[in-house]
Amino acid sequence: MSGMERCRVMLEAARIIREQREEIATMETINNGKSIFEARVDIDISWQCLEYYAGLAGSLAGEHIQLPGGSFGYTRREPLGVCVGIGAWNYPFQIACWKSGPALACGNAMVFKPSPFTPISVVRLAEIFTEAGVPKGLFNVVQGGAATGQFLCQHPDVAKISFTGSVPTGMKIMEMAAKGIKPVTLELGGKSPLIIFSDADLENAVKGALMANFLTQGEVCCNGTRVFVERKILDTFTKEVVKRTQKIKIGDPLLEDTRMGALINRPHLNRVQGFIKQAKEQGAEVLCGGDLYVPDDQKLKNGYYMRPCVLGNCKDDMTCVKEEIFGPVMAILPFDTEEEVVERANATKFGLAGGVFTRDIQKAHRVVAALKAGMCFINNYNVSPVELPFGGYKSSGELCVTSPGTCQLQGLRVAPGTAWSCVLTPALPCRIWQGERPGSHRVLLAAEDCLRGDG
Ligand SMILES: NC(=O)C1=CN([C@@H]2O[C@H](COP(=O)(O)OP(=O)(O)OC[C@H]3O[C@@H](n4cnc5c(N)ncnc54)[C@H](O)[C@@H]3O)[C@@H](O)[C@H]2O)C=CC1
């Protein structure tokens with residue numbers, strides 16, 4: 001198909017997703033355990049992603065290069081072939097769209113393997129693609145776990161791998177890809193810093209900290225789980241964060257007013273609670289939560305619910321501060337100076353995201369420029385519009401130009417050795433946690449301010 005033809009099919013898929021938003025969101029809530037309120041946002045981001053790449057499909061073009069003596073050369077944009085997408089369980093439908101959107105826009109085929117913990121919603125995506133006119137066999141779902149993932153990565157007919165998941169699995173994928181000299185895009189874990197200066201709008205900073213820690217039960221790779229608070233406001237900030245955290249409504253994720261659903265499974269719940277136990281042993285103080293939550297509703301009593309946890313008295317060398325917990329656990333750390341906090345914020349093997357809350361715009365841009373992180377937020381956190389890059393530094397994986405999988409857009413890829421970083425600045429304060437739709441945020445991006453590095 002030509003780019004325009006691919007565009008039309010993808011726009012139709014986006015339309016169907018929009019039309020079936022409620023049904024798919026409900027399916028995603030059952031699939032993952034996150035609140036229906038959040039699942040709807042995921043579905044919106046998913047159709048927006050397909051629309052965005054549909055828009056690019058028609059404009060992909062080669063170049064004509066004039067040579068001496070009247071000769072000329074030209075480049076063609078050609079699909080890679082069969083791309084493999086391997087997804088994590090926290091954003092099943094969205095990850096599948098982030099990977100298949102760019103792949104299909106560029107004329108590739110995709111074999112997608114969801115996490116075995118969240119197998120269903122991506123099957124609905126495959127049905128929608130078929131309904132929209134994607135030729136049979138162009139988007140395929142293969143269910144399975146590690147062995148299936150390995151088989152796909154090692155398959156000689158696979159041209160490219162796009163992976164979202166943990167750092168250890170990412171390493172294995174990179175090794176397998178290296179053996180086949182296959183390009184790979186990795187979207188891995190994080191332990192991102194959130195820096196609250198004493199001049200910040202306190203109300204907004206507190207909401208930002210909740211957004212940075214408790215969306216999707218804390219199972220979000222770019223969460224700002226190391227919350228550095230300027231010592232002057234430590235007590236006030238901590239008190240307010242604890243108060244708001246205790247008010248988060250936990251329970252049946254299909255209810256409209258629920259803001260925190262169930263964790264993905266029992267072993268993961270045990271693992272998260274293990275981190276909290278270890279944090280206490282190492283001297284941290286549990287300021288709230290961390291215990292199991294048992295809903296009154298009998299049919300939910302065996303669910304994997306826990307109360308969101310805030311840890312005080314944390315030190316940089318504690319396990320809860322160093323390792324990704326991937327659950328609703330916030331660690332608060334005091335700091336005194338800008339120089340000190342930047343150094344501590346960067347002292348991590350990860351580099352996915354970072355956030356700064358301050359009223360001083362120069363300080364905000366200075367600090368985010370110094371953070372070694374792929375995505376930085378100023379006076380906001382965890383908004384990810386499809387138009388912006390998503391990816392990390394260091395062990396958080398390769399940074400690509402837009403959403404995971406984008407490297408299928410060859411040529412738009414960041415040149416080797418360069419790094420991109422994107423910064424989001426809000427026109428409105430963080431309100432999503434109060435129940436407003438993310439549409440109420442207007443995200444401003446000024447390219448000159450936001451891109452750094454050779455890109
Ligand atoms: N940077 C990002 O964009 C995101 C990162 N994550 C990270 O993912 C992790 C949680 O997700 P999990 O599903 O537990 O990660 P995981 O790494 O265990 O699994 C991810 C996917 O890889 C597959 N897999 C496992 N072993 C494999 C192997 N040897 N070869 C090929 N495929 C294999 C799994 O079946 C699953 O589909 C967290 O560490 C989180 O930070 C999650 C979401 C987004």
Side-chain angles (χ1 to χ4, degrees), residues 31-34 42 45 49 84-99 111-122 141-155 158 161-180 182 184-192 213 215-225 263-269 271-272 275 323-327 329 348-353 373-375 382 384 386 388-400 402-407:
N31 204 20
N32 164 277
K34 66 173 74 190
D42 293 4
I45 293 175
C49 171
V84 160
I86 298 180
W89 42 259
N90 56 348
Y91 286 84
F93 195 83
Q94 189 180 305
I95 290 174
C97 287
W98 279 13
K99 293 194 188 308
V111 180
F112 189 88
K113 190 199 84 59
S115 164
F117 303 121
T118 50
I120 61 164
S121 55
V122 65
V141 178
V142 176
Q143 302 285 359
T148 309
Q150 271 174 29
F151 173 79
L152 291 172
C153 294
Q154 289 166 344
H155 198 288
V158 166
I161 305 156
S162 177
F163 169 77
T164 300
S166 61
V167 176
T169 310
M171 286 177 183
K172 288 184 200 154
I173 301 253
M174 210 165 186
E175 266 179 49
M176 289 187 276
K179 288 192 179 129
K182 293 173 190 177
V184 60
T185 303
L186 300 173
E187 300 292 332
L188 310 176
K191 189 75 192 179
S192 300
N213 279 273
L215 293 175
T216 305
Q217 299 78 244
E219 298 159 331
V220 182
C221 52
C222 45
N223 269 357
T225 42
L263 274 73
I264 191 71
N265 51 37
R266 178 72 61 192
H268 187 62
L269 173 64
R271 186 169 175 268
V272 171
F275 273 112
E323 297 300 327
E324 183 180 47
I325 299 176
F326 221 56
V329 186
T348 166
K349 62 188 172 198
F350 298 109
L352 196 51
M375 296 162 294
N382 268 346
S384 39
V386 292
L388 291 184
F390 187 99
Y393 275 48
K394 301 190 262 182
S395 291
S396 293
E398 177 195 357
L399 212 143
C400 52
T402 66
S403 321
T406 313
C407 295

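First listed ligand is number 1; within each ligand, the first listed atom is number 1. Quick note: numbers below take in every heavy atom, side chains included, and nothing from hydrogens, waters or symmetry partners.
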If hydrogens are left out, which of G85, A88, G165 has an atom nearest to atom 8 (O) of ligand 1, that is, the closest non-hydrogen atom?
G165
Side chain, backbone, both or neither: L352 near ligand 1, heavy atoms under 4.0 Å
side chain
Is the shortest distance from a heavy atom of Y91 to ligand 1 less than 4.0 Å?
no
In terms of atom number and element, which parts of ligand 1 are under 4.0 angstrom from non-hydrogen atoms of W89?
11 (O), 12 (P), 13 (O), 14 (O)
From L188, T169, I325 - option closest to atom 28 (C) of ligand 1 by heavy atom:
T169
Is there side-chain contact between Q217 and V272, with heavy atoms separated by less than 4.5 Å?
no
Restricting to heavy atoms, the pick from G170, S396, G87, S166 nearest atom 36 (C) of ligand 1 would be G87
So, taking the atom named CG in L188 and the one named CG in L352, what distance separates them when rounded to the nearest 0.5 Å?
8.5 Å
Would you say the side chain of V329 lies within less than 4.5 Å of the side chain of T225, judging by non-hydrogen atoms?
no
The reported gap from CD1 in I45 to CD1 in I95 (rounded to nearest 0.5 angstrom) is 11.5 Å
Tell me, do Q154 and M176 make a side-chain contact under 4.5 Å, heavy atoms counted?
yes
Any G397 heavy atom less than 4.0 Å from ligand 1:
no
Numbered atoms and elements of ligand 1 in range of G145, under 4.0 angstrom, heavy atoms
35 (O)
Which atoms of ligand 1 are found less than 4.0 Å from any heavy atom of F163?
17 (O), 20 (C), 21 (C), 22 (O)
Can F390 be said to touch ligand 1, with heavy atoms closer than 4.0 Å?
yes
Ligand 1 to P114, heavy atom cutoff 4.0 Å, flagged ligand atoms 37 (O)
To the nearest 0.5 angstrom, please state how far the CG atom of N32 sits from the OG1 atom of T216.
6.5 Å
What atoms in ligand 1 come closer than 4.0 Å to a heavy atom of G189?
41 (O)
Using a 4.0 Å cut-off to any heavy atom of E324, which atoms of ligand 1 qualify?
38 (C), 39 (O), 40 (C), 41 (O)
Taking E219 for the side chain and F326 for the main chain, is one N or O donor matched with an acceptor at less than 3.5 Å?
no
Which bit of T164 gets closer than 4.0 Å to ligand 1, counting heavy atoms only: side chain, backbone, both or neither?
both
side-chain contact (heavy atoms from CB on, under 4.5 Å) involving A353 - partner list, sequence neighbours excluded
S192, C222, M375, F377, Y381
For a quick check under 3.5 Å, do S162 and K99 share a side-chain donor-acceptor pair by atom type?
yes
For the ring pair Y91 and W98, is the centre-to-centre distance below 6.0 Å?
no
Flag E187 as yes when one of its N or O atoms lies below 3.5 Å from any N or O atom of ligand 1, and as no otherwise.
yes
Quick one: does M176 get a heavy atom under 4.0 Å from ligand 1?
yes
As an exercise, identify every atom of ligand 1 less than 4.0 angstrom from a heavy atom of P116.
35 (O)
So for F117 against ligand 1, with non-hydrogen atoms under 4.0 Å, the contacting part is neither
Just how far is it from atom CD1 of I120 to atom CD of Q143, taken to the nearest 0.5 Å?
10.0 Å
